[in-house]
Amino acid sequence: MTYQFDHQWHQERARLAALEAAFDPWSKRAILAANPQAGWRCLEVGGGGGSIAEWLCELVGPTGEVVATDVETKFLEGIEADNLRVRNHDITKDPLEESVFDLIHIRAVLAHLPQRDAILRRLIAALRPGGWLVPVVTDFSSVRAVQAPAEEIDFFDKKFASVIEAAGVTGFDPYYGRRIGAILRAQGLREVCIEGIVLEWDAGHPLAALYRKTFLRLRDLVISNGTLSEEHFQRLQDLMQSPDFYGLSNTLFVARGRKVAP
Ligand SMILES: C[S@@+](CC[C@H](N)C(=O)[O-])C[C@H]1O[C@@H](n2cnc3c(N)ncnc32)[C@H](O)[C@@H]1O
C-alpha cells in the first residue's frame, strides 16, 4: 500500500494547484497563528506543488531556511528561492534530524500513509522545544450535495462516499482528520488548536477541479472493483461541473500544537 498519485500524470500539477488554491489560505492562517519569525528553520513535508514551501521561504527571509521534502521533487525543484533546500525524502523511513525545526507543516499527506501515527511522532521529535507542528488533515464525512436537482442529491451523496471508501484499499484513511487533536494531545503537544474548515463549492470552485481530477485517477480502481459503473462514474463527473450543483466539501482539520521543553 503506497501513495497512489504519482507526479507523472499529465494533469497532476493542475490537480495539486487546485488543492493549493482551495487550502492554502487555511494553512497560512494556522502558520501565522504560530507567530513565525525571520530566521526560522521550517520543514514542509510532502511539499507537492510547493506553494507553501515557496511562501515559507519569503516568510522566514534570507536568514531562515525551508527544507521541503517529497518522494517526487520535480515541482519543488522549479521554485527559485535561495533559502529553500529541496530533499528527495520518504517521511515513512528516511532519516530526519531531531530537535532542529521551529515549524513543521504537513498537509494532505498523513491520511494517505498507513504509517501516519509513527510519522507524527517523528515530526514531533524533529521539532526544537517550543517549535510548532501544523498538520492539515482531511476528513471526508462532511461531503454532501446541498443544492442540486432532487434526484441527484442522494445519488451524489452515496456515490461520492463510495469512491472515497474504495480508496481505502490503497491505505488511505478518509476519516483521519477527526483524530488529529487527540493524537497531538496524546503526544504531549501543548497549545493544541484545531479548526475544521468546510467550504461550499460549485463547478467553478477549485475543489470541483480537485475532486474531478482525483476521481479520474481513481477511475480504473472504482470501475474494475465494481464500486461504480462507467455510466455512474460519468454522471458523477458531469454533476460536479453542472451549473445547478452546490456541495459541501471534505472537512479540512487544520491543527497546530507546540512542543514543550523536556
Ligand atoms: C496530496 S499531495 C499534497 C501536496 C502538498 N502537501 C499540498 O498540500 O499542496 C501529497 C504529497 O505527498 C507526497 N508524498 C507521498 N508519500 C510520501 C512520503 N512517503 N514521503 C514524503 N512525501 C510523500 C506526494 O508525492 C505528494 O506530493
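Counting convention: from 1, in listed order, for ligands and their atoms alike. For the single chain, residues carry numbers from 1 onward in sequence order.
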By number and element, which atoms of ligand 1 are closer than 4.0 Å to a non-hydrogen atom of L19? 1 (C), 7 (C), 8 (O), 9 (O)
Which ligand 1 atoms does G47 reach within 4.0 Å, using its non-hydrogen atoms? 5 (C)
Considering non-hydrogen atoms of the protein only, which is the closest contact for atom 2 (S) of ligand 1, and what is the distance? Y3 OH, 3.3 Å
Side chains of E72 and Q8: donor-acceptor distance under 3.5 Å anywhere? yes
When you measure from atom 27 (O) of ligand 1 to each heavy atom in D70, L16, T69, L110, which option holds the nearest one? D70
If I apply the N/O under 3.5 Å rule, does D90 come out as touching ligand 1? yes
Gap separating the CG atom of D173 from the CG atom of L110, nearest 0.5 angstrom: 10.5 Å
In ligand 1, the atoms that come under 4.0 Å of a heavy atom of H89 are 20 (N), 21 (C)
Atom pair CD1 (I197) and OG1 (T138), whose distance is rounded to the nearest 0.5 Å: 12.0 Å
Provide, to 0.1 Å, the distance between atom 11 (C) of ligand 1 and the closest protein heavy atom, together with that atom's residue and name. G46 O, 3.6 Å
Residues S142 and T251: side-chain donor-acceptor under 3.5 angstrom: yes
Residue, atom and distance of the protein heavy atom nearest atom 23 (C) of ligand 1 read V71 CG2, 3.8 Å
Does an N or O anywhere in E72 fall below 3.5 Å from an N or O of ligand 1? no
Which bit of L113 is near ligand 1, meaning a heavy atom under 4.0 Å away: side chain, backbone, both or neither? side chain
How many angstroms lie between CG in D102 and CD in E65, if you round to the nearest 0.5 Å? 10.5 Å
Would you mind running through ligand 1 and noting each atom that sits below 4.0 Å from a heavy atom of R107? 3 (C), 5 (C), 6 (N), 7 (C), 8 (O), 9 (O)
Using the salt bridge (charged side-chain N to carboxylate O under 4.0 Å, His left out) rule, pick out the option among R85, R128, R87 that qualifies with E97. R87
Give me the nearest non-hydrogen protein atom to atom 12 (O) of ligand 1 as residue plus atom name, then the distance to 0.1 Å. V109 CG2, 3.6 Å
Between the OG1 atom in T170 and the CG atom in L113, the distance rounded to the nearest 0.5 Å is 9.5 Å
May I ask you to test the H7-L16 pair for a side-chain heavy-atom distance under 4.5 Å? yes
Tell me whether I91 has any N or O atom under 3.5 angstrom from an N or O of ligand 1. yes
Report yes or no: does a heavy atom of H7 sit under 4.0 Å from some atom of ligand 1? yes
Six-ring centre of F155, R235 cation under 6.0 angstrom, axis tolerance 45°: yes
